[in-house]
Each structure stands twice: as C-alpha cells, then as structure tokens.
Protein chains: 2
Amino acid sequence: MAVTLADVAARAGVSSATVSRVLNGNYPVAGSTRERVRRAVAELDYVVNGQARALAAASSDLVGVLVNDVADPFFGLIASALQREIAAGPGRLPGDGKLAVVCNTGGSPEAELTYLTLLERQRAAGVVLTGGAVEDRQHTAAVTARLARLAASGTRIVLCGRPPLPDAGAEITTIAFDNRGGARRLTEHLLSLGHRRIGCVAGPLERSTTRHRLEGHRAALAAYGLAPEVAAGEEFRDLPGRPVVHGGYDRSSGYDGALELLRKDPAVTAIVAANDTAALGVCAALRDRGLSVPGDVSVAGFDDLPFSVDAAPALTTVRIPLQEAGARAGRLVLGRSAPPPGAMATVATELMVRGSTAPPSGSAR
Amino acid sequence: MAVTLADVAARAGVSSATVSRVLNGNYPVAGSTRERVRRAVAELDYVVNGQARALAAASSDLVGVLVNDVADPFFGLIASALQREIAAGPGRLPGDGKLAVVCNTGGSPEAELTYLTLLERQRAAGVVLTGGAVEDRQHTAAVTARLARLAASGTRIVLCGRPPLPDAGAEITTIAFDNRGGARRLTEHLLSLGHRRIGCVAGPLERSTTRHRLEGHRAALAAYGLAPEVAAGEEFRDLPGRPVVHGGYDRSSGYDGALELLRKDPAVTAIVAANDTAALGVCAALRDRGLSVPGDVSVAGFDDLPFSVDAAPALTTVRIPLQEAGARAGRLVLGRSAPPPGAMATVATELMVRGSTAPPSGSAR
DNA sequence: CTGTTAGCGCGTTCAT
DNA sequence: ATGAACGCGCTAACAG
C-alpha cells in the first residue's frame, strides 16, 4: 500500500498532526522537528493523498476547462495559456498550483452537462467554459442551474469566448470575444473592395459564435443598404445574392459548404467562412472547381490561427487574442485577479487583411 | 453545504448503505426501495462526492494525459481520440466513464514530474504519456521511478508516441510510432528524386522523436552511400552538404532554422523539417529569400496534420495515425483491451507525397 | 434484501 | 510547540 501520513509520523517520531502542519506550512513548528519530518517524507517518498486532503479540507486543486474540440488549435491556444497561468510555477506559492483538467465536449450539450457533473463530483476549485455555447433554451437553463449550484458551493466559474449567463447570478465572470464587431469589420472590408455578392459558410446552427458572427455580417450589409436590419432572435435566412449555409468548424464542412454555396449562387465573388479551418476547405473547393482565390472569389476566415498566414494565399481573417484571453480566464478562475466591472469583459478582435481577399474581377480598377 | 448521502438516506427513509448500493448498482436492492431512493436523489439534486468515494473505495476515475503542447494539433488529435474512448458513452457501463485530464507539460521535464506527482496524489486510475520524451539520463531515471511506483499502486501506465522504458517493469504498455521508418522513407523519396544536398531543420535536442527521425534520415543517406552509419548513442553532427540544425516544433523555429541552414549550405536542394508546423516556417523563410518551393528547394514535413494539405504547395510529409493511436492508448489505459505481446506495439507511418517536393532544378528530366 | 459498524487518510479543533 | 480525538462523505464487510 501507499505510504500515509501516519507512516511518516511514526518514522519521524511525531504525531500525524505535526506532519500535516509541516506539509501545509500553515502553523508554527519547531525547526528541528520540521527537519526531521522533512527527512522522513523524503526517505519514504511520501505523496499526500489528494482525495483525503480534499475530503478533510473540503477543497480540491482541480480546475475544469471545457472545450468543444481539443484538436482545434482555437481551444488548444486558450487551454495552454490558461494551464500555464494556473499551474504552480516559480514565484508562486506551492499550494497555489492547480491542475487544469481539459474536458472535450465535442460540442455536445449532453457531454457538457456530464462533465459539469463530474467536476461537481470532484468538488472542482473552478470551471472554465470556453468557446461558443449551444443556444437551446432548455440546455441553457440546465447549464445555468448547474453552474449556479457550483458557484454556490464555492467553485469559481468563468466563461471564456461565450456570452454571459444573465440568470445565473453575478458569481459568474465572462470574457466575451467581440465576434460581432470583428465580423462586421471583415464584411465591411469586402464591401469596400467592391464585393456585393457575398456568401457565408457559417458555423453550426444554434451556436452563439455563429449567431454573433452572422449578426456582424448582416450589420455591415445593412450599413451598405444591402440587407434589412435583423431583429434580435430573428432567424437568418438567405438574402438574394447573399446566400448562407451552415456547417461545422472543420475543413470538410468548409469544402462542402462552398460547393453548396456555389450551387445556390454561382455568381458570388466573396465567401466568408466560419473560421480559418473551414476557410481552407472553402479555398480547396474553389480550386477544385477551377476558381482562383482571390482572382475569381475572395475568401476570408476567422480566428487567425497560426497556420492562416501560410495558406495559399494567406488568409484574410479576424484575429482573436486567444492566449491573452485564456491567461486572463486562468487568473480569474483562481481569484488571483479581480473580476471586471459587471463581471464581464469583452476582448477586442482585429481585422487581418492578407492575400485571400481582393477586389472582384469585374471591378473597375 | 452540499447534499450528502445521509441526506438522501433520511429523505428516502433508508440507510446510507442502501443509497450507496442503489447508486453503484453493484448489489441487489428491492425495486420499490430503489425507486424511492432514486426519487430522493432527484429531488435533492444529489451529486456524489468524488473524493469521499475515491477515498473509501481506494480508486478514482481520473486518467491523466500528459502532452508536450496542447496547442499543437499533434497532441490535440491524440488527446481527443483518447478522451472520446474513455468517456462514458452509449453502450458502456455508467461507472466506466473516466475523466481524461489533459496536462500540458510544455516539454519541460520538471513540469512532467510535477504532473506525475499531482496525478499520484489524486491516485489516478491511469496515466498516458504522449509524444517524444526528453532523453536525459537523470530525468529518465526519475520518470521511470515515478511510473514504477504508480504502476505498483495500481495505476495503469501507457506510453503513446514515445519509446518504451525498459527498466520500469512490464506493467507499462508502449505504443511507439515508427518515426525512424517514416523518416527513412521520406529521405529515400528525396534521394530518389535526385536530391543530394539535403538539410534538416530537426526538432529539439535530446528529444526521442528528434533522434529517431534523424536516425531514419541517416539510414536513408547511408543506403545511398552518402553518410557513414551512425552507431547508437552517437551524436548527430553535420555532414558535408547535409547540414542539420535544431529547434522547436513551431513555425518560427522552422523559419529561423531554414535561414540558418541556408547560411551553412546555400546549395541545399531539399529541407526536411521537424514536423509540418516547422515545415510551414521553412517554406515561409525560403519564400522570403526569394526561393520557390519546390522549384528551388523541396520541403518535407512530418505528422501529416490536417492543414498540411492546404499549405502552398501542399506538404509532402509522413502520416502518423494519431487518432487511432490515441484511441488505442485509451483502451489500454482502461484495461479494456489486452496489451500487445511484449507490452509494446509500433504503429506504422506512411509517406504522403504532395507538391512540396520535386526533382532538384538542375536535374536531367 | 437491508441496517450497523468500521475505517479510507487527512485537517483541525481542543487540550496540554 | 505538540499530541489526542473527531469528522469530512462514502464504501465494504458483517450481521440480521
């Protein structure tokens, strides 16, 4: 069996309480005693039992990080920055080191709830939910209820890259991404280049990120008099000459979406993709159709993932400071930094213009 | 405070032991009693305390997955497949659902040991170490010792994408990648195209993956009479006309490495990169130098990550079935599938020839 | 089938 | 400054 506190105590000739005090350093212990205990710990290769400690102290050092897709660098970048931030490191207290638990929901609402249960069961110190939320009334209510309970029991909750949950109380801090503004600037960029027939290969339906990006897109069109303003909650339908199709955030969704878009409107001169990965698929589909980018069709992505600059041509996209956001979420979930006013901060996004967008071929130069 | 077993028991008018039995379903309970307990659980929104359960049952449902870089899709793909495999799912027993804890070591030996301690403290059900190992005598010994102790205390250990640890006993199962064979076939491909001055922008020094890929590279050269066989353990030095530089697995390392390589030997006609991400950096550096790929210089990557096919030109690379390997590691760490003979399996790698490699410009066609 | 009784390993009183 | 004793919430052995 594993070595326990009592073993160490026996070896050091003290009581287990003393060993506990030495280990946690939160109580005065005589120097010589401390030394003896330290030696015994080393000699026995003692490692505290996390569950016993958590049970007795009613606290744990686990921080859950829910992501929609670990294989997607979007989440990887957030998670790695977050993990770096909360791990024990030089210049930080040893007990401060929390263990980030990256949980892959695959975008499934059920998996999300399952993981929240698991984390509640583990009495996690904190939970960070990253990326777009599934906007289903019932699911939102279920998540809200679970998070409220977690928060009530002392678990710190942070939302990173998803909209705030107004009904959950003020205990939940939100770091939102300005997807709407970024999308708007992106479409404005295309419009200013002269594009008028702009298609969207959007993300999954009912995902908050998808909705926000489409809202920004529509706002830009509306500003050019090309689309009616869409009231909140209203659905996004195709407009003549401005088709929209939905898919996932992966390359093949982009590929298929582009083909579908071309079927709907063969005359589009620009395509806005759900994200950079999908944009690569869009480019591939266009290439396979014999269309050049940006000669025949301009293509834009979103997120500015590291590989975007190496695509052919380099992708025009919208940069989200994912690492900064992840690090900040880490500080917030530890309580190391104070929540922003209103428990909510929006991180700015930045338009990155590169080679994949250009004036439409028929435009006067 | 949180609802406890006793609360549920009181509410249902039974003993806590009965509630425990209903929850775990590992003991006969009368149907009517079970129903009453179920109702009480639902009404009270009861969630078991994981630590208490783990403490009492001396087991936990945590599986640690150590990765060198969560932001790198190489690890993301392994981790997501693994997590999918070990999570509770349809057609699996509910208690079977384990929680994968993705731990980001950043390639740091200290972080690796820290996480192993943390996982030991949590009495993890299993630990999977993925990706190349740091080949330092002392560190290897430390890791081996820790893993041996973990294994002895019942934690299942699986190595995925790193070489076996011979001294740790047979309890540790290894899924190795055939980096050596893949690298060899890759360099053979370049040689057969007519390249003779081939540079390497290799991975970090002392990383097992780096060593294996370089060994394969050298083996191919040797087969063409272009390099002396290198004895095991011997260092890799430059050969005339076949320069090697070391860096990380990121894009900027590839970029810098390519520039350094060109300084060492401006006449190289082909460059083998540490992985696909670095290869993109290599291509960018060549482009910035006014060299075309593959016109002036051929470039090859490794891993065949999803974006490789969309690079310009598409990358010739070596495919590793990362998802299959991750899923297999998941099954092994759960004990759901039997270890291979010798506790070690090697997954094959496959050469993917694409547009980034071509005969050298001066070659007779 | 169900209740009672002991711990699991540790933190934390309360004494000393 | 140190030790003894209790309890965290749950499972498992033993009765009944």
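Proteins get letters first, then strands, A, B, ... in listed order; numbering begins at 1 in each. Fair warning: this is a prediction, and the values are worked out from it, not measured in the lab.
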> At under 4.0 Å between heavy atoms, what does Ala17(A) touch on the DNA or RNA strands: base, sugar-phosphate, or nothing?
Replying inline: base

>> Among dG3(D), dT2(C), dA1(D), which nucleotide has an atom closest to any side-chain atom of Pro28(A)?
In response: dA1(D)

> Within less than 4.0 Å of OP1 or OP2 of dT11(D), is there a side-chain N or O belonging to Asn24(B)?
Replying inline: yes

> Between Asp61(B) (CG) and dT11(D) (P), how many Å, whole number?
Replying inline: 12 Å

>> The test is side-chain contact (heavy atoms from CB on, under 4.5 Å); show your working for Ile172(A) and Leu147(A) and say whether it passes.
In response: CA-CA 8 Å; Ile172(A) 298 183; Leu147(A) 292 183; 3.8 Å; yes

> So, is Thr18(A) near the phosphate of dG3(D), with a side-chain N or O under 4.0 Å from OP1 or OP2?
Replying inline: yes

> Of Leu82(A), Val128(A), Thr173(A), which meets side chain to side chain contact (heavy atoms under 4.5 Å, CB included) against Cys160(A)?
Replying inline: Val128(A)

>> Categorize Ser16(A) for me: base, sugar-phosphate, or nothing, with a 4.0 angstrom heavy-atom threshold over every strand shown.
In response: nothing

> Do you see a donor-acceptor pair shorter than 3.5 Å between the side chains of Asp61(B) and Gln122(A)?
Replying inline: yes

> Base, sugar-phosphate, or nothing for Leu5(A), non-hydrogen atoms under 4.0 angstrom?
Replying inline: sugar-phosphate

>> Please give me the minimum heavy-atom distance between Tyr46(A) and Leu23(A), naming the atom from each residue.
In response: CE2-CD2, 3.5 Å

>> Tell me the interatomic distance from Asn49(A), atom CG, to dC10(C), atom P, rounded to whole angstroms.
In response: 6 Å

>> When you measure only distances, ignoring hydrogens and angles, does the side chain of Arg21(A) come within 3.5 Å of the base of dG3(D) through a donor and an acceptor?
In response: yes

> Arg34(B) has an atom CZ; how far is it from atom C1' of dC1(C), in whole Å?
Replying inline: 11 Å

> Does a nitrogen or oxygen in the side chain of Ser15(B) sit under 4.0 Å from OP1 or OP2 of dG3(C)?
Replying inline: yes

>> Expressed as a whole number of angstroms, how long is the span from Asn26(B):CG to dT11(D):P?
In response: 9 Å

> Arg123(A) CZ to dG9(D) P: how many Å, rounded?
Replying inline: 8 Å

>> Nearest to the Val48(A) side chain among dT2(D), dC10(C), dG3(C), which nucleotide is it?
In response: dC10(C)

>> Under 4.0 Å, heavy atoms only, any strand: does Ser20(A) hit a base, just the sugar-phosphate, or nothing?
In response: base

> Whole Å only: how far is the OH atom of Tyr27(A) from the P atom of dG11(C)?
Replying inline: 15 Å

>> Applying the salt bridge (Lys or Arg N to Asp or Glu O under 4.0 Å) criterion to Glu85(B), which one of Arg328(B), Arg336(B), Lys98(B) satisfies it?
In response: Arg336(B)

> Rounding to a whole Å, what distance do you find between Gln51(A):CD and dC10(D):C1'?
Replying inline: 12 Å

>> Can you work out whether Ala30(B) or Thr4(A) has the more 5'-proximal nearest nucleotide on DNA chain C?
In response: Ala30(B)

> So what does Val19(A) touch, heavy atoms closer than 4.0 Å: a base, only the sugar-phosphate, or nothing?
Replying inline: nothing

> Nearest-Å distance, CG (Leu23(B)) to P (dT11(D))?
Replying inline: 7 Å

